[in-house]
Amino acid sequence: MSTTHLLPAVLPSLKATFKRPLLLRSPFSNVLTKQTRFNFQPTRSATGGAQKIVKKSSKLPQEKTQTQSVNKSPSVQIKESPNRDICEVLERLAIQERNNGQPFKERAYQKAMRSIVAYPTRLNSGKEAQTLPGVGDKIAKKIDQFLETGSVEQLLLSKSNQEEADLINLFQRISGIGPVKAKSFVDKGYKSLEDLAKEPQLTHHQRIGLKYIKEFEEKIPRDELERLLDIVKKATHEIDPRYIVEACGSFRRGANVSNDLDIILTHPDFTEVMESATDRKKVKTSLLMQVVQALENCGFLTDSISKGSVKYMGVCQLPKNKTDGLCTHHRIDLRLIPHQNYYAGLLAWTGDDEHNRIMRLRAKARGYTLSEYGLVRKIKAEIGEDTYDEKIHIQSEEDVFKVLDMPYKKPHERNMRGVVKKKYLMHEE
DNA sequence: TAACCG
DNA sequence: CGGTTA
Ligand SMILES: [Mn+2]
Ligand SMILES: [Mn+2]
């Protein structure tokens, strides 16, 4: 029967899923504003390809590979067999089990298939097939089901396995949804973004992520970042010119386009050695929040994802433009760093993440801990079991490289992601 | 804990 | 890797 459409290629099917939610008339037209309509670029693979799926694939090895792994089966002389259709069904079942990580079941189907291929006459039942080596109870049942209904339930379901994987990937493109929540939402039965928007348990972060799923995937040209940065700097210095405001992230690494805007702030009043803890807390809290408030008031910040005393995550937008109207919403992160840790903060927030990991691993191997709060040496006390923290004074980014005995790298040389090997750490003691 | 930041 | 936020 219709054993024909053996495994639709994975790529087109992904495309289809991503496109589907486009302009689906939903009861959400009031919730979903015009720019918010869920339509998608058909899964970009562009340079850096740093979108949700890819982005998080630093952990996951990326779900694909099903396309290639799928057809290495020992298709013998199926063509000649009077039971060709049955064999094809068994082959597909074998492939499905392999894709499910069930190598023993895969083998069982392959073995059964081989003996059926060798069988000279048409099989009329599963029972008849069971006389052959490698065909047991379970497989006989599948054959019966196929002969009676023209299909096997398990195979029909496997199609929806693929669709489930696509949905999980789609949901993971929403900021605030990771692998765990994506799976749980799919398990709950959500089938589209419009659907998911109804989930009452969505966090505020996830709602923002859903609202801007398309805009957040848009690359930001460097000159737009420059204008956004200018607004932040002006607003901040209007509050207090003693703020230091610097853009970090990929912008500081010289990228022509970025995914978001990362800014670190510091202020001479925010240091670790301040009179009272309560005083420090007050200053710490207000120093960042004052800036956030000003930027909210002028309409620059349109949504907030999280507001802490030292880290703000939100959404920003250039003011309405005469020529092309409303501008795209972008993610923005503000980070307040204690004044004396400014260079460690700059280093950490310039990244990239891989470069940070490398430096931190190196620091650790040499008995230090490196973070945005500085370089700290763990020293064991000569007598007890105690350890002291010796804070290394850092006057520049270069100081950190020096202490760790690494060659200095300018920001634009710190792009380690996607670099194949890099003999940087090489061997460690 | 999950997700996020570099 | 080492950190913040909810
Ligand atoms: Mn960034
Ligand atoms: Mn960021």
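Each chain gets a letter, A, B and so on, in the order its sequence line appears, and its residues count up from 1.
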Value in whole Å for how far the P atom of C:dT4 lies from CG of A:D262 = 16 Å
Side chain of A:T369 (C-beta onward), nearest among C:dG2, B:dA3, B:dC4 = C:dG2
In whole angstroms, how far is the P atom of B:dC5 from the CE atom of A:M359?
-> 22 Å
Nearest-Å distance for atom pair CD1/C1', residues A:I208 and C:dA6 = 14 Å
Checking B:dG6, B:dA2, C:dT5 against the side chain of A:D333 (C-beta onward), the nearest is B:dG6
For A:I305 and for A:L370, find the nucleotide of DNA chain C with the closest heavy atom, then tell me which residue's nucleotide is more 5'.
-> A:L370
Kindly determine whether A:Y243 and A:H267 satisfy ring pair (Phe, Tyr, Trp, His ring centres under 6.0 Å), including the steps that lead there.
-> CA-CA 5 Å; A:Y243 276 106; A:H267 190 283; 4.9 Å; yes
Which atom pair, heavy atoms only, marks the closest approach of A:P411 to A:T350?
-> CB-CG2, 4.2 Å
Starting at CG of A:L347 and ending at P of C:dG3, how long is that distance when rounded to a whole Å?
-> 14 Å
Rounding to a whole Å, what distance do you find between A:R414:CZ and B:dC5:P?
-> 20 Å
Identified side-chain hydrogen bond (donor to acceptor under 3.5 Å, both in side chains) partner of A:E199 from the options A:R207, A:K188, A:Q206 | A:K188
side-chain hydrogen bond (donor to acceptor under 3.5 Å, both in side chains) against A:E397, all qualifying residues, sequence neighbours excluded | A:R252, A:R414
With heavy atoms under 4.0 Å as the rule, sort A:S306 into base, sugar-phosphate or nothing.
-> sugar-phosphate
For A:T350, which contact category applies under a 4.0 Å heavy-atom criterion: base, sugar-phosphate, or nothing?
-> sugar-phosphate
For A:S151 and A:L156 the tightest heavy-atom approach is OG-CD1, 3.9 Å
Rounded distance (Å) that lies between atom P of B:dA3 and atom CD of A:Q206 = 8 Å
Ignoring the backbone of A:R360, work out which of C:dA6, C:dC1, C:dG3 is nearest its side chain.
-> C:dC1
So the salt bridge (Lys or Arg N to Asp or Glu O under 4.0 Å) pairs with at least one residue in residues 329-347 of chain A (sequence neighbours excluded) are A:R331-A:D333, A:R335-A:E372
From the options C:dC1, B:dG6, B:dC4, select the nucleotide whose nearest atom is closest to the side chain of A:K364.
-> C:dC1
Considering only heavy side-chain atoms of A:H205, the closest of B:dC4, B:dC5, C:dG2 is B:dC4
Distance test, side-chain N/O of A:Y368 to OP1/OP2 of C:dG2, below 4.0 Å | no
The nucleotide from C:dG3, B:dA3, B:dG6 with an atom nearest the side chain of A:D353 is B:dG6
Check whether any side-chain N or O of A:S371 sits under 4.0 Å from OP1 or OP2 of C:dG3, and answer yes or no.
-> yes
A:R331 has its side chain closest, among B:dC4, C:dT4, B:dA3, to B:dC4
State which of B:dA3, C:dT4, C:dC1 makes the closest approach to the side chain of A:R357.
-> C:dC1
A:E397 has an atom CD; how far is it from atom P of B:dG6, in whole Å?
-> 16 Å
Name the nucleic acid region contacted by A:R253, choosing base, sugar-phosphate or nothing; use a 4.0 angstrom heavy-atom cut-off, strictly under.
-> sugar-phosphate
Find the distance A:Y373:OH to C:dG2:C1' and express it as a whole number of Å.
-> 10 Å
